[in-house]
Amino acid sequence: MTDANAQIKDTVTSNDVVLFMKGTSEMPQCGFSSKVAGVLNYMGVQYKDVNVLADEGIRSGIKEFSDWPTIPQLYVKGEFVGGCDIITEMTLSGELDTLLEQNGVSFDKEAANKIREHNT
């Protein structure tokens, strides 16, 4: 196991929710990362943000780790959930709420409902 792989595995297993993204939760560096971080921030989800731009090993390693070619990547309780399009769809369908609830991750249900109301 490479150092990057070990670091990624440790990060996703030691945090309930992890977002591998370009930039940080407060300063996203791409539109897709900004969209997912914005959803999580608005819903009040506590998560670990990992800026893949700060470490090339993590940036390439996360794509191998998940077998997913794009960033951002969201993990909940150590499991890969998806990228921007999947998280957007899950948010609008209510699946993200269900996933978070099933994994004991707190979030603002009212905020999640507002996202859906404004996107129908």
Side-chain angles (χ1 to χ4, degrees):
M1 188 181 300
T2 66
D3 287 344
N5 198 331
Q7 189 176 346
I8 291 166
K9 185 172 184 166
D10 181 57
T11 300
V12 300
T13 57
S14 61
N15 295 279
D16 287 346
V17 181
V18 181
L19 180 62
F20 288 87
M21 62 183 294
K22 293 178 181 175
T24 64
S25 60
E26 279 121 29
M27 182 77 67
Q29 299 286 305
C30 87
F32 299 112
S33 292
S34 179
K35 188 170 188 176
V36 176
V39 165
L40 296 175
N41 291 341
Y42 188 75
M43 290 174 55
V45 175
Q46 295 293 315
Y47 65 98
K48 166 88 173 144
D49 59 344
V50 178
N51 181 1
V52 300
L53 298 176
D55 186 328
E56 183 55 42
I58 299 296
R59 184 176 185 172
S60 59
I62 191 61
K63 294 174 184 180
E64 287 178 32
F65 185 84
S66 63
D67 197 25
W68 191 259
T70 60
I71 294 165
Q73 294 185 15
L74 182 68
Y75 288 77
V76 175
K77 294 286 186 166
E79 296 295 320
F80 175 63
V81 179
C84 184
D85 290 345
I86 291 170
I87 300 308
T88 300
E89 289 173 22
M90 289 179 73
T91 302
L92 296 178
S93 72
E95 287 178 84
L96 185 60
D97 299 32
T98 302
L99 177 70
L100 295 173
E101 287 169 348
Q102 288 173 341
N103 285 284
V105 176
S106 64
F107 68 98
D108 184 338
K109 183 86 169 168
E110 195 173 302
N113 288 332
K114 282 183 185 176
I115 292 172
R116 284 185 283 281
E117 285 172 21
H118 292 286
N119 287 281
T120 55

A quick test of your reading: do over 12 heavy atoms of other residues, nucleotides or ligands sit less than 6.0 Å from CD of E56? yes
Which atom pairs, donor and acceptor, lie under 3.5 Å between side-chain atoms of residues 84-91 and protein residues at least two apart or in another chain?
residue : atom : partner : partner atom : Å
T88     : OG1  : C84     : O            : 2.8
T91     : OG1  : I87     : O            : 2.7

Would you find more than 12 non-hydrogen atoms of other residues, nucleotides or ligands less than 6.0 Å from E95 atom CD? yes
Take atom CG in N119; do more than 12 heavy atoms of anything else shown fall under 6.0 Å from it? yes
Passing option when L19 is tested against P72, P28, S33 for side-chain contact (heavy atoms from CB on, under 4.5 Å): P72
Would you say NZ of K114 has more than 12 non-hydrogen atoms from neighbouring residues, nucleotides or ligands within 6.0 angstrom? no
Can you establish whether the number of heavy atoms outside Q29 located under 6.0 Å from its atom CD is more than 12? yes
Residue pair R59 / V52: nearest heavy atoms and the distance that separates them: CB-O, 3.4 Å
Taking distance alone, no hydrogens or angles, what donor-acceptor pairs closer than 3.5 Å link side-chain atoms of residues 35-42 to residues at least two apart or in another chain?
residue : atom : partner : partner atom : Å
N41     : OD1  : Y47     : OH           : 2.8
N41     : ND2  : S25     : O            : 3.4
N41     : ND2  : A37     : O            : 3.2

For K22 against I71, the heavy-atom pair lying closest together: N-CG2, 4.0 Å
Can you tell me how far the CG atom of D10 sits from the CG atom of N5, to the nearest 0.5 Å? 11.5 Å
Take atom CZ of F80 as the centre, draw a 6.0 Å sphere, and report whether it contains more than 12 heavy atoms from other residues, nucleotides or ligands. yes
So how far is it from M21 CE to S34 OG, rounded to the nearest 0.5 Å? 7.0 Å
Which value, rounded to the nearest 0.5 Å, describes the distance between E79 atom CD and L74 atom CG? 12.0 Å
Spatial distance of atom CD1 (I58) from atom CZ (F65) [nearest 0.5 Å]: 10.0 Å
I'd like to know whether F20 forms a side chain to side chain contact (heavy atoms under 4.5 Å, CB included) with V12, so could you lay out the CA-CA distance, the side-chain angles of the two residues, the decisive distance to 0.1 Å, and finally the verdict. CA-CA 10 Å; F20 288 87; V12 300; 3.6 Å; yes
d(L99 CG, F107 CZ) to nearest 0.5 Å is 9.5 Å
What residue among K109, E110, R116 forms side chain to side chain donor-acceptor pair (under 3.5 Å) with N113? R116
Backbone of V105 reached by a side-chain donor or acceptor of N103 within 3.5 Å: no
